[in-house]
Colleague: 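Got a structure for you, written out below as structure tokens; questions coming shortly.
None of these values were measured; they are calculated from a predicted model.
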Amino acid sequence: MTSPDHELARERSHHDACRAALIRMTEDVAEQVVTGEDVAASGADAEALGYHLRSRAKEMGEQPPGPLFFGRLDREDGQIHHIGRRRIAEHPAAPPLVVDWRAPVSRAYYQAGAHDPQGVLRRRRFGWAPNSAGATEDLTALEDELLADGGGGTVSALVTGEIERPRVGPMRDIAATIQPEQDDLVRSEPAASLCVQGAPGTGKTAVGLHRAAYLLYTHPQRIRRSGLLVLGPHRAFLSYIAEVLPSLGETGIRQATLDEEIARHQVRAEDDEAAARVKHDARMAGLLHRALYGRVDAAPAEDLAVPDGSYHWRLPAAELAAIVSAVREEAPPYATGRERVRARVVRALQLRAERRSGPMGAAWARRIERARPVTAFLDRCWPRTTPEEVLTEVLTDPAGPALEGGLTDASGPALAGGGFTGAELAAIRWARPPRSYRSARWTAADLVLLDELAGLIERPESYGHVVVDEAQDLSPMQCRAIARRTEFGSLTVLGDLAQGTTPWAARDWHEQLAHLGKPGTPVVPLTLGYRVPAAIVDLANRLLPLLGADVPAGRSVRRDGEVTVHRTTDLATGAREAVRAALAAEGSVGVVTADHLVDAVAEEVKGYGERVTVLPATVVKGLEFDHVVVVEPAAIMAAEARGANRLYVVLTRAVSRLALVHERELPEFLAPTPRTAR
């Protein structure tokens, strides 16, 4: 049996060979860019080949530094596979020195166990120095599981150490520590949509990002051709996850907020809550549809006469009405419908002309379709319009498009045609309408409505796949905006109903998935946490009965962690003392409080260095810190209607230690003083 030191030396030598091979791969790609375009058969071929080679060279050049492998499989058939974040080989036809973690052969690394060895004799994990840039000497440890003889099954010390390592900087990938239930989701059917209901710390965001990387690996042409989009709740979250996909070898992926994705204008105004609730309601889709298609006149009052030299071709009003009605029934996008009416009118005129004068060519048809009477008819029966023009008219007079039969009672009961109450329509009506839509001051909710109208006028391009995180906070109208972008693609939906904090937050995944255009999508719960220690999870679970969400309680594999409570007579002093105590240990420190207290708290703890971040409770969703100091929990809970959900989010941002600093009485569920686990 070889000694551990000898095995470590052999693995370091293999890493050196991998590094040399990767350098050669990068140099070869760069050389191909220079020579590849010259051997193409045509200009178009040269352009396509050059783009492909330049993209590959760019991808290779953007690979972040780091260890080249994190695991190894020794199989019963004698094969040995090192597992890493990308494939590395001496040349394309040679056996790989490192196998991509997404390759089929790598799956046994995550799934094999004593109950099902899957042909694996030994699984080896490697320990690297924290934040290693990939220097060979940073390979400091290895750990073996012997599976073929029924061994294994114990908790890996290296995996535990990696999971519990202090969180400094942006989110890291979890390719080295993916657990079997997470791997099942990552490798799930590529063409199907998936919804992950994940308790805090279960790795749902990481699962979504790794699934995106897996889809790009298994279906590169289809996904890259249509594009892959990652939607996050806010910019801070996107900055936090920005390095995960590049670390997995995938670059050039669009990561955005939904507001950025649908932005047609700058947000220059803000709705009150009553108006925002109505604008985000699913009923607005029907109102906007009626407002847009209400412009269509399916009963033209007069015949159409089109001059053609000395002759006039004529279509009677009844035939025109039949054309418009038939197109209207087909329900195409509005702009497509207008052109479809034009084409059918021209075709009807052409049939008349050909019966009288013989075949008419394409030039004749083009001249007729541009004829002034035809365009004038279209402008009357199916006029051009813009989303801004339609929405301006809706917000100036919501009751107009809201009903077809008029108000039955403007003070409150549901309206006969639109399903809105008079109070709801009044909430979205502009008090001072702009002179025109060009001078309108749009709100964030208005941009969602403009996107709905834009989708009715001309459908947007569909992405091949969209990953949407914190999906429980999306309104029905926001969901519809995403559905339009995944009409021909699939979705990975990530969220936690218990963490819903918006006024329209979902309480049921099946209804939310219907709004997202993917009814019937399976909902898979993740309840076993790897990020948040049990002491913190147990505390947060006390909130579940208050959150209005039917979700299972979270659990944690981590038995470390610490929860402390500090009663103070001065919040500033209490916050400073808690931050100083947090800085005595390794890792990042997040200080979180109610939005209206942020400035005062930030002033008191400034000067403690880059490890400390002060944030309002409304922007911490999706983030994590080693130590979280929650200043005045009662203020967070009282600040909004779903304050209990917001506090649940705040408490579960800590991955090692949680400190509660309070001057006011704690919310009832936090009393008596929580237990402390070390």
Side-chain angles (χ1 to χ4, degrees), residues 282-308 311-387 389-391 393-394 400-406 416-419 449-462 480 483-484 487-488 517:
R283 292 172 294 166
M284 285 297 298
L287 185 150
L288 296 177
H289 190 278
R290 289 189 293 276
L292 176 62
Y293 283 93
R295 296 165 175 264
V296 174
D297 180 5
E302 57 188 36
D303 296 350
L304 172 65
V306 181
D308 183 17
Y311 198 82
H312 281 70
W313 305 113
R314 185 176 299 276
L315 282 183
E319 187 169 349
L320 294 171
I323 290 173
V324 175
S325 296
V327 172
R328 181 71 180 83
E329 286 295 320
E330 293 163 9
Y334 186 87
T336 302
R338 175 183 165 94
E339 295 310 309
R340 197 172 290 179
V341 170
R342 184 198 301 271
R344 293 183 187 180
V345 166
V346 172
R347 179 59 179 159
L349 291 168
Q350 185 174 359
L351 290 175
R352 279 169 165 72
E354 289 177 343
R355 282 196 294 268
R356 184 177 187 275
S357 306
M360 298 294 178
W364 182 93
R366 286 194 297 270
R367 178 163 52 83
I368 294 298
E369 73 182 12
R370 293 194 300 269
R372 185 172 299 174
V374 173
T375 300
F377 163 73
L378 284 170
D379 289 341
R380 289 193 305 273
C381 81
W382 203 297
R384 283 194 179 94
T385 191
T386 65
E389 186 178 9
V390 177
L391 187 57
E393 293 180 5
V394 168
L403 309 164
E404 294 159 3
L449 303 184
L450 288 172
D451 191 76
E452 177 78 20
L453 285 163
L456 291 172
I457 293 172
E458 190 170 0
R459 290 193 181 102
E461 291 187 8
S462 179
R480 289 176 62 86
R484 284 188 288 279
E487 183 177 6
F488 304 110

Colleague: Just grab all the ring-ring contact (aromatic ring centres under 6.0 Å, His included) pairs involving residues 340-362, residues at least two apart or on different chains.
Modeller: none

Colleague: Report the residues that fulfil side chain to side chain contact (heavy atoms under 4.5 Å, CB included) with A365, sequence neighbours left out, ordered by chain and then residue number.
Modeller: V346, Q350

Colleague: Looking at residues at least two apart in the chain, or sitting in another chain, which of them share a side chain to side chain contact (heavy atoms under 4.5 Å, CB included) with S325?
Modeller: A298

Colleague: Going by salt bridge (charged side-chain N to carboxylate O under 4.0 Å, His left out), name the pairs with one or both residues in residues 335-346, residues two or more places apart or in two chains.
Modeller: E330-R340, E330-R344, R338-D379, E339-R342

Colleague: Would you say that T386 contacts I457 through its side chain, given a criterion of any heavy-atom pair below 4.5 Å between the two side chains?
Modeller: no

Colleague: For a 4.5 angstrom cut-off between non-hydrogen side-chain atoms, does V324 reach F377?
Modeller: yes

Colleague: Are any of the side-chain heavy atoms of L449 and L453 separated by less than 4.5 Å?
Modeller: no

Colleague: Check side chain to side chain donor-acceptor pair (under 3.5 Å) between R367 and all other residues, then give those that pass, not counting sequence neighbours.
Modeller: D308

Colleague: So, using side chain to side chain contact (heavy atoms under 4.5 Å, CB included) as the criterion, who are the partners of P316 when residues are at least two apart?
Modeller: D303, E319, R352

Colleague: Can you list the residues that meet the side chain to side chain contact (heavy atoms under 4.5 Å, CB included) rule with Y293, with sequence neighbours excluded?
Modeller: H289, V296, R328, Y334, W382

Colleague: Can you sort out the partners of E369 under side chain to side chain donor-acceptor pair (under 3.5 Å), two or more places apart, ordered by chain and number?
Modeller: none

Colleague: Can you pull the salt bridge (charged side-chain N to carboxylate O under 4.0 Å, His left out) pairs that have at least one residue in residues 451-460, sequence neighbours excluded?
Modeller: D451-R484, D451-R485, E452-R480, E452-R484

Colleague: Suppose we screen for salt bridge (Lys or Arg N to Asp or Glu O under 4.0 Å). Which residues come up paired with R295, at least two apart in sequence or across chains?
Modeller: E393

